[in-house]
Colleague: 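Mind having a look at this structure? Questions to follow.
Since the structure is predicted, the reported quantities are computational estimates derived from the model, not experimental observations.
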Amino acid sequence: MTASPPSPGLDEYGASLLAPLPWFDAGWWHNRAVSLAYRSTAVAPPAGDWPVMAHVLTQDTDAVTGALFGRYVPDGLQPGTAYVVSCWVWLDAAFRGALVGMVFDGFASSGMENASLLHPREWQRVWVRAPLPDGVSAANPRLYIIGQAGGLVYSSGWKLETG
């Protein structure tokens, strides 16, 4: 039996490679066809004064359209190195869907933790670990949601780290 890789650090927010943080500012994007993303004060952050982003599905999403929100890292990553992208998510009680997690450019993952749909209205850490392919030094880590239109998910505490 193969042991599961350990989950990424959860309290080392300052170590993130997604600079500049902690604010959602230039460089963040959202899929305008399926998601509205905006800063929110409706839910208290999981820690400190981290900003909280609300993601509202404007239509049903599926395996193709589920990559909704992320930050492009244009360079500076090391080819062949394993990276972990993670964030905290809070699912609204009315959320209906099949998956809330992270993707790392579709690179083959070596570990992941998706949100439990059985535990809405509490912060949960989601993450995915993937090695960068040879010759690749950029990435586009994203929040990935398969859900029904009107679904509401909050995110906070985004982090990209080696792992």
Side-chain angles (χ1 to χ4, degrees), residues 1-35 37-39 45-55 57 61-91 97-117 119 122-147 153-163:
M1 179 163 95
T2 304
S4 300
S7 64
L10 302 180
D11 298 320
E12 299 175 31
Y13 191 71
S16 179
L17 300 174
L18 290 174
L21 285 178
W23 305 108
F24 290 105
D25 56 6
W28 293 92
W29 63 270
H30 65 90
N31 181 338
R32 295 183 192 280
V34 294
S35 176
Y38 56 90
R39 288 188 193 183
D49 62 352
W50 293 350
V52 173
M53 187 65 68
H55 312 278
L57 301 181
T61 58
D62 57 27
V64 174
T65 61
L68 298 177
F69 181 78
R71 171 137 188 161
Y72 181 62
V73 181
D75 56 34
L77 302 180
Q78 298 299 314
T81 299
Y83 288 90
V84 176
V85 62
S86 61
C87 76
W88 291 97
V89 295
W90 170 289
L91 298 113
L99 188 128
V100 177
M102 305 294 291
V103 293
F104 196 69
D105 272 345
F107 302 143
S109 66
S110 60
M112 71 176 56
E113 181 82 26
N114 294 325
S116 169
L117 302 179
H119 297 284
E122 63 184 62
W123 285 108
Q124 304 176 58
R125 193 74 174 170
V126 296
W127 58 272
V128 64
R129 174 185 291 114
L132 239 56
D134 290 339
V136 174
S137 62
N140 195 2
R142 296 169 290 216
L143 180 62
Y144 186 78
I145 303 172
I146 297 176
V153 175
Y154 299 93
S155 71
S156 186
W158 282 68
K159 185 175 175 186
L160 175 65
E161 62 188 313
T162 58

Colleague: Begin from the C-alpha positions of M102 and L143 and carry the test side chain to side chain contact (heavy atoms under 4.5 Å, CB included) through to its verdict.
Modeller: CA-CA 5 Å; M102 305 294 291; L143 180 62; 4.0 Å; yes

Colleague: Looking at every non-hydrogen atom in both residues, tell me the closest pair between G80 and P131 and how far apart they are.
Modeller: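 Distance-wise, the nearest heavy atoms are O-CB, 4.5 Å.
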
Colleague: First locate atom CG of N31, then atom CZ of F69, and finally report the distance between them rounded to the nearest 0.5 Å.
Modeller: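 One finds 12.0 Å between CG of N31 and CZ of F69.
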
Colleague: Shortest non-hydrogen contact from E113 to R125?
Modeller: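 The answer is CG-O, 3.9 Å.
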
Colleague: Between R71 and W158, is the side chain to side chain contact (heavy atoms under 4.5 Å, CB included) condition met? List the steps.
Modeller: CA-CA 10 Å; R71 171 137 188 161; W158 282 68; 5.9 Å; no

Colleague: Output yes when a side-chain donor or acceptor of T61 lies under 3.5 Å from a complementary backbone atom of G147, and no otherwise.
Modeller: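 Pair found, side chain donor or acceptor close to backbone of G147.
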
Colleague: Can you tell me how far CG of L132 sits from CG of L77, rounded to the nearest 0.5 angstrom?
Modeller: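 Output value for this atom pair is 5.5 Å.
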
Colleague: Does anything in residues 103-112 pair up under salt bridge (charged side-chain N to carboxylate O under 4.0 Å, His left out), and if so which pairs, sequence neighbours excluded?
Modeller: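 Counting only pairs at least two positions apart or across chains, the salt bridge (charged side-chain N to carboxylate O under 4.0 Å, His left out) contacts touching residues 103-112 are D105-R142.
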
Colleague: Please evaluate residues L91 and Q124 with respect to the criterion side chain to side chain contact (heavy atoms under 4.5 Å, CB included), reporting the C-alpha separation (whole Å), side-chain torsions for both, the decisive distance (0.1 Å), and the verdict.
Modeller: CA-CA 9 Å; L91 298 113; Q124 304 176 58; 3.4 Å; yes

Colleague: Tell me the closest heavy-atom pair linking W123 and S156, and the distance in Å.
Modeller: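 Minimum heavy-atom contact is CH2-CB, 3.9 Å.
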
Colleague: P141 and V85: which non-hydrogen atoms are nearest, and at how many Å?
Modeller: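 Closest heavy-atom pair between P141 and V85: CB-CG2, 3.3 Å.
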
Colleague: Kindly compute the distance separating OG (S116) from CD (E122), expressed to the nearest 0.5 Å.
Modeller: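 With rounding to 0.5 Å, OG (S116) is 7.5 Å from CD (E122).
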
Colleague: Closer than 3.5 angstrom, by distance alone: can the side chain of R129 be matched with the main-chain N or O of G163 as a donor-acceptor pair?
Modeller: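 Yes.
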
Colleague: Can you check whether Q78's main-chain N or O pairs, donor with acceptor, with Y83's side chain at less than 3.5 Å?
Modeller: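 At least one qualifying donor-acceptor pair exists.
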
Colleague: So which pairs with a foot in residues 61-70 pass salt bridge (charged side-chain N to carboxylate O under 4.0 Å, His left out), sequence neighbours left out?
Modeller: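 Listed once each, the pairs would be none.
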
Colleague: Locate the shortest heavy-atom distance separating V89 from A115; write the atom from each residue and the value.
Modeller: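 Here V89 and A115 meet closest at CG2-CB, 3.8 Å.
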
Colleague: Measure across V126 and G101 and return the closest heavy-atom pair with its distance rounded to 0.1 Å.
Modeller: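 That closest heavy-atom pairing would be CB-CA, 4.2 Å.
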
Colleague: Could you go through V128 and V103, starting from their C-alpha distance and side-chain angles, then the distance that decides it, and tell me whether this counts as side chain to side chain contact (heavy atoms under 4.5 Å, CB included)?
Modeller: CA-CA 6 Å; V128 64; V103 293; 5.6 Å; no

Colleague: Identify, with sequence neighbours excluded, every residue that meets ring pair (Phe, Tyr, Trp, His ring centres under 6.0 Å) alongside F107.
Modeller: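 If we apply the ring pair (Phe, Tyr, Trp, His ring centres under 6.0 Å) test to F107, skipping adjacent residues, the hits are F104.
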
Colleague: Judged by atom type as modelled, is there a donor-acceptor pair below 3.5 Å linking the side chain of S155 to the main-chain atoms of W88?
Modeller: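 Checked: no pair found.
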
